[in-house]
Amino acid sequence: RLLDQQLAPGIGRLRTQGKNTVVRKSPSNTVVPFFQAKTAVFEWAGYDGGHRRSLIPPITFEVKSELLGLTTKMFLKVDVETGKIYFKKYKDGPEDKYFVHNKILQLVKSQKVAKLVIMLETEKEKTLRKEFVFDDTKKREGFCQLLQQMKNKHSDKPEPDMITVFVGTWNMGNASPPHSIASWFQCKGQGKTRDDTADHIPHDIYVFGTQEDPLGEKEWIDTLKSALRGTTNISFKQVTTQTLWNIRIVVLAKPEHENRISHIFSDSVKTGIANALGNKGAVGVSFMFNGTSFGFVNSHLTSGSEKKIRRNQNYVSILRFLNLGDKKLNPFDITHRFTHLFWFGDLNYRIELPSTEAESIVTKIKQQQYQELLCRDQLTIEKGEEKVFLHYDEEEITFAPTYRFERDTRERYAYTKAKATGTKYNLPSWCDRVLRKSYPLVHVFCQSYGCTNDIMTSDHSPVFSTFEVGVASQFVSKHDPSRVSQGGIKFMNCVATLMTKSKTKFFLEYHSSCLEKFVKSSEGENQDHSDGSIKVRFGNQLVPIISDPEYLLDQHILLCVKSTDCDESYGEGCVALRAAESSYTEFHITLTHHGERTGTLAGGVQLRTSEGKQTEKLYGEADTFTLFFPLPVSCEMNIWSCVLFNRFALPSDITNPSYMGVGFKSGGVTDRGWSYSMSPKSGSGGGFGGRDQTHGNTSPKKTANDRSAVRSPTGKASDNPAEMFDNPLYGSMGKGGVPRGAKDQPDPQRSKDQLTPPDPIFSFTKPSDQDPDRPPVPTPRNRSYTCSETKPPSSVNTASASAPLHPPTYTKNPVKPSRSEGGMVQTTNRPHLPMKSRPGQADITPTKPKDYRDSSELPSKLLAQWSKALQHSSTGDSGFESRLCRSWL
């Protein structure tokens, strides 16, 4: 025990086979021996010692099964410890029919009823579809969580790719906690809660935030550990803790995760009187879980219904001065430093109604008319006006206000308080909240959000929330580094719109763990506009340290627009490389600085990776109609995928439903901070999520022509049908399957806000000489131009004939994007391409000659002709020279 106390907070013992050295990971990404080779693995007796396994008892669910129009009762028994699911006709019937964990392929939930479809693999490697109806959705969620726990427990993967995180906040009111606080971390009470069947399922990480905490640090940590041990049978390990006066945050983790957690930091910020007193403020903790960064902030903001502006100022101060995470990311505040950031605590935002409405508020609470009151919630209003918590998410509130209760009861609100200056009103309010902000295109799903009913020692009720979070493993390449091709990340046509009148020059900084160091761009081209903003154009190509897609597709690029004169940041944003997995992809992100919107950044990103595919995940899309397994058409409109595990899942299907915004096409859409516009994937028009339904292919191979499906901000696939490519050399097919000719009308469905995507192969081009305001457009490579003596009419949109290209690629003529009235880059319609040439027939569309007089590049045919002309010139053949000149002109 003495040795354990000497270890710094959060430094765990590495207890793996064959390794007896206690180690920790330092912030410089190196592993340092904590006690040299002298330290051995210690086994301890009692609760603080040997890690006891969590024994989840078998649980049986009563369901209904529909077969041939007949409804029958069945029982599903889930045994997590043995990894089996039993199908029984009677509760006490025989258990001869079961499936082991690796035969469960997929879970598909229904939107309208508590229906669940289970896809199973039979002995003959065939697929069996089972459909069940539960009593309610809470029972169904409990069943799914048990199956997820079973899959995780028996997975043959060395590292998890999904964990669950508990985040709780409680203003203890300077009173000691009751004897039992189990309902808090078991998510029992009001709101979105877990089913009783999930009581014994432990979370991987527990984060407890308290305010007005009267206990000592050790006493409170022992209380939490003891309560968790009593319900989960696990002795959780302390990761770290941070205390500022009576504000405290404690992080506990499962014992098996102690060697996965590293780079632990903690800090605090005072926001009391003159920012010198710590009765108000925040404490924060950050760490790495394998390759994913987490940040947690517990704050206690200024109280008082009339002091919302002061609370907003508290938020900005915490945002600016709380020092967590990677110190190399100093241009970015904590909102951009972490893959997942959770901000919670007693935020003290109140319901903005006059004190005379107190009785009316209580009446509406008893009638559970929460939405009427939430419309007057100060945090909701301030957040909607982008004054605080810009681009943070909060789960829907379906529980009663958590403040201000009479102590020892939850039946009455004490909304009046006698003070020397008179009677003070504290209207019932949702003071205690949990918000989150994650990088784009990462997996995070809120499982529960509510408050307890039975913990009554304080005038606040404890609030709980749980999240299912995707995590990335530390990458170890399986390929020979000398044989792996170099990857590339190319940013093109980037236009930053900054809300400033500064005359300085700007440049972009790119930060990412996939880069050897941060990269600076060259100075951008400024263009002033009448609305007082400045538009700056950038473009860069980055070289990642690892080009394997298994690693690269999990990475994000942080961008920062800085001025050249003082190195000051004018806005920061984030782009996910997963968006550019299969093709050139446009993005549009909001730039923020110290929590305020400072502009936008739009452009395109193109990714080049080495050969390989990404490791299959245990999680997939949620809240979408995308399915990872072909199902009958009758199921398409009433089921949605919450694929907890699926061995057929493709990398492009691992997304964050909360952030699945792709191109804002209509008004009234909430700004999520970023969006992506991706070209349609081939074959996505008639199936789920772009799968090839014609051939029943559940795991098609990626090709150069694969495109990610166009999605709306809600995450659903676009109604626009996909565009089919007939031949890589000759362009696209029309909706009816007919190749587009040179005189076809432009597609009215194509968005004007999209840039024309370039070829999959990186290439550079010179800026256009005709319009200096337009950004450079990438030029296709591997194109051979031919000269024609006949010039086509200038009014006809033509394309030059293509020579044979490499099979996996296709090429198109670049089209210069137009500019909207506001100066933002827009996209013209797709260029018309000639029809496929047939043997013995001339090209339908005449080709336009290319002027080589301003270029040092000459086609090989002309080089040969000029070489021949020099030979004839020496022999005095002037006729050949004149003929050649006419051909050239």
Side-chain angles (χ1 to χ4, degrees), residues 53-124 126-155 164 186-188 192-202 231-233 447-448 468 618 627 629 631-632 634-635 638-647:
R53 293 183 61 190
S54 172
L55 299 178
I56 301 177
I59 299 177
T60 302
F61 296 82
E62 181 179 334
V63 296
K64 295 178 182 179
S65 176
E66 296 181 359
L67 182 62
L68 300 177
L70 300 177
T71 302
T72 58
K73 184 185 296 185
M74 285 195 66
F75 294 88
L76 305 180
K77 180 181 177 181
V78 181
D79 193 337
V80 174
E81 302 304 321
T82 61
K84 296 179 181 179
I85 176 174
Y86 297 89
F87 295 84
K88 304 191 297 183
K89 292 185 179 180
Y90 307 98
K91 189 172 184 178
D92 300 326
E95 298 180 350
D96 53 347
K97 187 176 181 180
Y98 64 87
F99 288 86
V100 294
H101 62 91
N102 58 352
K103 299 296 182 181
I104 305 173
L105 304 180
Q106 181 190 23
L107 301 181
V108 184
K109 298 178 183 178
S110 172
Q111 282 183 313
K112 298 180 181 179
V113 294
K115 184 184 295 184
L116 181 70
V117 176
I118 307 178
M119 308 302 295
L120 303 162
E121 182 181 335
T122 61
E123 296 179 356
K124 299 180 180 179
K126 293 184 179 180
T127 303
L128 179 64
R129 182 178 185 273
K130 293 282 189 179
E131 185 175 312
F132 303 102
V133 178
F134 290 75
D135 292 339
D136 51 51
T137 56
K138 188 180 293 187
K139 289 287 184 185
R140 183 184 65 183
E141 289 301 318
F143 176 81
C144 292
Q145 290 177 27
L146 282 172
L147 289 189
Q148 178 65 64
Q149 184 74 10
M150 182 174 68
K151 294 288 288 188
N152 288 340
K153 190 179 186 70
H154 299 279
S155 173
T164 57
Q186 286 183 335
C187 302
K188 296 292 186 64
K192 185 178 182 180
T193 59
R194 296 209 300 175
D195 187 64
D196 295 341
T197 56
D199 286 350
H200 298 280
I201 301 178
T231 57
T232 65
N233 203 32
Q447 295 177 327
S448 61
E468 181 184 272
L618 287 180
L627 301 181
F629 202 92
L631 292 177
S634 60
C635 302
N638 67 339
I639 50 182
W640 58 282
S641 173
C642 182
V643 183
L644 301 179
F645 37 84
N646 177 23
R647 67 184 205 177

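When a residue number appears, it is its place in the shown sequence, counting from 1.
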Listed partners of Phe87 passing ring pair (Phe, Tyr, Trp, His ring centres under 6.0 Å), at least two apart | Phe99, Phe132
Rounded to the nearest 0.5 angstrom, the CD-CD distance for Gln447 and Glu468 is 5.5 Å
With Lys138 via salt bridge (charged side-chain N to carboxylate O under 4.0 Å, His left out) - residues at least two apart | none
Sequence neighbours left out, what passes side chain to side chain contact (heavy atoms under 4.5 Å, CB included) with Ser448? Give chain and number order.
-> Cys187, Arg194, Phe464, Thr466
Heavy-atom closest contact (Thr197 atom, Lys139 atom, distance) = CG2-NZ, 4.5 Å
Looking at residues at least two apart in the chain, or sitting in another chain, which of them share a salt bridge (charged side-chain N to carboxylate O under 4.0 Å, His left out) with Asp136?
-> none
What residues, two or more places apart in sequence or in another chain, satisfy side chain to side chain contact (heavy atoms under 4.5 Å, CB included) together with Val133?
-> Lys64, Glu66, Lys115
Are side-chain heavy atoms of Val117 and Arg129 found at a separation under 4.5 Å?
-> yes
Results of ring pair (Phe, Tyr, Trp, His ring centres under 6.0 Å) for Phe134 - residues two or more places apart only | Phe143
Can any side-chain N or O of His154 pair as donor or acceptor with the backbone N or O of Val80 at less than 3.5 Å?
-> yes
In Å and rounded to the nearest 0.5 Å, what is the OG1 to CD distance from Thr193 to Glu141?
-> 11.0 Å
With sequence neighbours left out, the residues meeting side chain to side chain donor-acceptor pair (under 3.5 Å) with Lys84 are none
Between NZ of Lys151 and CG of Leu146, what distance do you get to the nearest 0.5 Å?
-> 14.5 Å
Could you go through residues 70-78 and list every donor-acceptor pair under 3.5 Å that involves a side-chain atom there, pairing it with any protein atom two or more places apart or in another chain?
from  : atom 1 : to    : atom 2 : distance (Å)
Thr72 : OG1    : Ser65 : O      : 3.4
Lys73 : NZ     : Glu62 : OE2    : 3.4
Lys77 : NZ     : Glu95 : OE2    : 2.6

How would you list, by chain and number, every residue that makes a side chain to side chain contact (heavy atoms under 4.5 Å, CB included) with Asp79, sequence neighbours excluded?
-> Pro58, Glu81, Thr82, Tyr86
Listed by chain and number, what are the salt bridge (charged side-chain N to carboxylate O under 4.0 Å, His left out) partners of Lys188, not counting sequence neighbours?
-> Asp196, Asp199
Without swapping roles, check the side chain of Ser110 against the backbone of Ala114 for a donor-acceptor pair under 3.5 Å.
-> no
Hey, what do you get for CG (Leu147) to CD1 (Ile85), rounding to the nearest 0.5 Å?
-> 5.0 Å
Distance, nearest 0.5 Å, that separates CD1 of Ile118 from CD of Gln106 | 11.0 Å
